[in-house]
Trainee: 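One structure, pasted below without further comment.
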Amino acid sequence: MIVLNVENIIAGYGETEILHGVSCKVEKKEIVTIIGPNGAGKSTLMKAILGLLKPTQGKIFFSNKDITGKNPNQIVQEGICYVPQSDNVFPSLTVEENLEMGAFIRRDGFREKINEVYQIFPDLKEKRKVKAKKLSGGQRQMVAMGRALMLDPALLLLDEPSAGLAPRLVQTIFNKIIQINEKEVSILMVEQNARRALEISHRGYVLAMGHNRFEGSGEDILSNEEIGKLYLGE
Amino acid sequence: MDFTSRIFQLALYGIVSGSIITLGAIGLSLTYGILKFANFAHGDVMATGAFLALIFLNLFQRLALPSSPFHPLSFGLPLVLAFILCMVATGGVAIGIDSALYKRLRGTRSITLLIASVGVAFILRNVLQFIWGPDPRYYIKKIQVSVRLPILGLRIKHDQVFIIIVAACLVIFLHFFLTRTRMGKAMRATSDNMDLAKVSGIDTEKVIKWTWVIGSALAAAGAVLAGIDNKFITPSFGWDMLLPIFAAVILGGIGSPYGAMLGGMVIGLSSEISTAFIATSYKPAVAFIIMVVMLLIKPRGLLGEK
Ligand SMILES: Nc1ncnc2c1ncn2[C@@H]1O[C@H](COP(=O)(O)OP(=O)(O)OP(=O)(O)O)[C@@H](O)[C@H]1O
Ligand SMILES: [Mg+2]
């Protein structure tokens with residue numbers, strides 16, 4: 001079953017067109033990774049899916065429902081949650097308040113959900129009264145992911161979850177992603193740590209200059225020499 | 001009265017005027033935090049609140065409400081009811097202005113919003129002038145004598161004690177609202193990062209409405225308290241409040257409601273105490289100098305974040 005289907009979207013900022021007809025798909029229970037050089041439009045694609053940018057052309061379907069042009073808070077309600085690349089926590093709110101904001105539209109089951117998030121990220125439980133701005137980079141990333149999990153999303157969008165983290169933490173974050181995926185959450189992520197991300201992914205896309213360049217299974221992309229040279233730095 | 005007790009006496013007045021400035025400064029800071037623009041109409045929103053209270057006050061005085069003053073205060077039930085109702089009404093006015101004007105400008109540069117707010121300021125002030133004229137309008141006709149406190153021979157009026165207590169209650173109420181309620185936390189979250197609030201599912205338009213209501217209701221409260229302290233109000237009163245309010249907000253750190261509280265008190269105290277050393281007519285200059293110095297040495301303010 002297809003969870004997300006992006007069909008030929010064109011989007012950008014004001015007059016500047018960044019995505020010139022990009023498509024991608026995520027199936028149920030899949031981890032899909034998008035790689036590509038800086039400025040390729042990866043973050044722009046994520047923003048367009050979430051409704052922070054309105055595509056001028058193309059369609060976005062979520063579980064067969066057309067969500068093109070909807071507002072972020074409506075799209076979140078549909079079941080897509082998003083962790084931005086930067087500024088992804090509320091710095092002056094405590095860890096627990098950050099998680100609460102993730103569940104803003106949730107009317108019930110808040111306590112159970114927050115405990116579930118603390119089970120995935122035990123470090124956060126100890127820090128729950130601490131303001132997010134006082135946390136380390138890794139802890140902040142966990143708060144950001146925890147916040148996005150509070151609504152039981154069917155699809156989680158992660159924009160460079162391992163960016164700027166110490167190598168030891170990068171593996172921890174990827175393990176958490178696998179753990180989250182095992183709870184039946186489909187994942188679409190953008191990663192600079194392309195090799196390690198593709199290793200845990202079912203499929204991947206290569207995006208360059210606002211166009212799809214390649215798609216295939218994680219192994220396909222990793223074993224493709226041209227892509228290796230151009231985008232994996234080999 | 002010796003010099004020390006004179007300073008303490010001025011400090012006491014400073015707390016009274018600091019309470020009023022604080023209530024005005026909070027709203028300015030809240031709207032800045034969420035919408036990222038300096039609302040030049042905020043002072044005139046205060047004045048609007050003061051005149052809305054006057055309308056209610058006249059109305060209640062005409063009705064056969066018990067109007068004898070609450071001893072030992074110099075006013076009674078009509079003014080208290082007018083005070084509460086004008087907070088609600090001013091919140092309504094602010095939502096009206098937002099939907100008619102600022103909402104259409106959402107997403108434009110903050111300079112555009114700032115200029116729009118200057119326009120709103122002129123409109124509000126001129127409407128008030130047009131209806132009530134430039135002369136002072138009186139809330140209270142009675143003269144109240146101040147009482148002597150047992151320390152240092154300080155004097156204060158019961159009305160002024162009322163002002164301090166009401167302002168303190170409102171500030172405490174705001175604190176609980178911001179830290180304990182869902183909407184209050186969402187306001188802080190939206191002020192931290194509006195895009196992230198949106199993608200968390202927070203209805204930021206609703207948050208913006210609440211911000212206008214709370215900021216303007218507190219401004220109206222401050223205006224009525226100022227009217228109680230002075231006994232009268234004028235249409236240009238809001239414009240005169242704007243300077244100390246901006247100074248308070250910049251001193252405390254723009255966007256931070258707690259900074260606005262701190263800044264309001266410091267500006268109130270320093271303006272009053274300055275009169276022991278320089279002519280009273282320089283009082284506004286004190287706020288101005290503090291603001292300029294702060295902008296030069298620490299533009300983020302005492303409690304500012306970013
Ligand atoms: N808010 C914005 N306004 C205008 N242009 C923008 C904005 N954000 C990004 N861009 C431009 O859009 C292009 C694509 O940016 P995007 O952030 O999508 O790239 P990316 O693939 O995520 O790159 P990175 O790996 O650096 O995160 C870049 O040329 C960038 O300068
Ligand atoms: Mg990016």
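Here is the naming used below: chain letters follow the sequence lines, and residue numbers restart at 1 for every chain. Note: hydrogens, waters and symmetry copies are ignored here, and every other heavy atom, side chains too, is used.
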Trainee: Between A/P91 and B/D192, which heavy-atom pair has the shortest distance, and what is it?
Mentor: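 Minimum heavy-atom contact is N-OD2, 3.1 Å.
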Trainee: Could you tell me which of A/R106, A/M150, A/E100 has the largest number of non-hydrogen atom pairs under 4.5 Å with chain B?
Mentor: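 Among A/R106, A/M150, A/E100, the one with the most close pairs to chain B is A/E100.
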Trainee: Would the number of heavy atoms belonging to other residues, nucleotides or ligands and lying under 6.0 Å from NZ of A/K113 be above 12?
Mentor: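 Count over threshold, so yes.
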Trainee: Could you state the interatomic distance from CZ (B/R182) to CD1 (A/I105), rounded to the nearest 0.5 Å?
Mentor: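 With rounding to 0.5 Å, CZ (B/R182) is 9.5 Å from CD1 (A/I105).
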Trainee: How about B/K298: does its NZ atom have over 12 heavy atoms from other parts shown lying under 6.0 Å from it?
Mentor: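 Result for NZ/B/K298: enclosed.
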Trainee: Is A/N64 atom CG crowded by more than 12 heavy atoms from other residues, nucleotides or ligands, each under 6.0 Å away?
Mentor: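 No - once you tally the heavy atoms of other residues, nucleotides and ligands closer than 6.0 Å, there are 12 at most.
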Trainee: Under a 4.5 Å heavy-atom cut-off, does chain B meet the side chain of A/L52, its backbone, both or neither?
Mentor: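 The answer is the side chain of A/L52.
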Trainee: Below 4.5 Å, heavy-atom pairs only: which of A/T94, A/L93, A/N71 has the largest tally toward chain B?
Mentor: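 Most pairs with chain B among the choices: A/L93.
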Trainee: Please check if any side-chain donor atom of B/R188 sits under 3.5 Å from a side-chain acceptor atom of A/S92, or the reverse.
Mentor: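 Distance-only check fails for B/R188 and A/S92.
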Trainee: So how far is it from B/I202 CD1 to A/N73 CG, rounded to the nearest 0.5 Å?
Mentor: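 B/I202 CD1 to A/N73 CG: 9.5 Å, rounded to 0.5 Å.
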Trainee: Does a sphere of radius 6.0 Å around NZ in A/K70 hold more than 12 heavy atoms from other residues, nucleotides or ligands, not counting ones at 6.0 Å or beyond?
Mentor: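 Enclosed: over 12 neighbouring heavy atoms sit under 6.0 Å from NZ of A/K70.
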Trainee: Measuring heavy-atom distances to chain B, does A/V89 have an atom under 4.5 Å in its side chain, in its backbone, in both, or in neither?
Mentor: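 For A/V89, backbone heavy atoms alone lie under 4.5 Å from chain B.
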Trainee: Could you grab the distance from atom CG of B/N193 to atom CE of A/M101, nearest 0.5 Å is fine?
Mentor: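 Going from the CG atom of B/N193 to the CE atom of A/M101 covers 13.5 Å.
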Trainee: Determine, step by step, whether B/D195 and A/K47 satisfy the side-chain contact (heavy atoms from CB on, under 4.5 Å) criterion, reporting the C-alpha distance in whole Å, the side-chain angles of both residues, the deciding distance to 0.1 Å, and the verdict.
Mentor: CA-CA 10 Å; B/D195 273 347; A/K47 289 183 213 163; over 6 Å; no
Trainee: Can you tell me how far apart CG (A/L50) and NZ (B/K198) are? Round to the nearest 0.5 Å.
Mentor: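 Output value for this atom pair is 11.5 Å.
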Trainee: Can you tell me if A/K29 has over 12 outside heavy atoms packed within less than 6.0 Å of its NZ?
Mentor: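 Atom NZ in A/K29 is not packed in, count stays at 12 or less.
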Trainee: Would you say A/E27 has more than 12 foreign heavy atoms packed within less than 6.0 Å of its CD?
Mentor: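 Check passes, neighbour count above 12.
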Trainee: Identify the two heavy atoms, one from A/F104 and one from B/A186, that lie closest to each other, and give their separation to 0.1 Å.
Mentor: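 Of all heavy-atom pairs spanning A/F104 and B/A186, the closest is CE1-CB, 3.6 Å.
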Trainee: For A/F110, I'd like to know if atom CZ has over 12 heavy atoms of other residues, nucleotides or ligands within 6.0 Å.
Mentor: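 Counting neighbours around CZ of A/F110, more than 12 heavy atoms of other residues, nucleotides or ligands fall under 6.0 Å, so yes.
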Trainee: Check the surroundings of atom NZ in A/K54: do more than 12 heavy atoms from other residues, nucleotides or ligands lie under 6.0 Å from it?
Mentor: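 Yes.
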Trainee: Against chain B, work out which of A/P72, A/A103, A/G102, A/A144 has the most heavy-atom pairs shorter than 4.5 Å and name it.
Mentor: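 So the answer, after comparing A/P72, A/A103, A/G102, A/A144, is A/P72.
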Trainee: Checking A/E97 against chain B: side chain, backbone, both or neither under 4.5 Å from a heavy atom?
Mentor: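 Contact with chain B involves the side chain of A/E97 alone.
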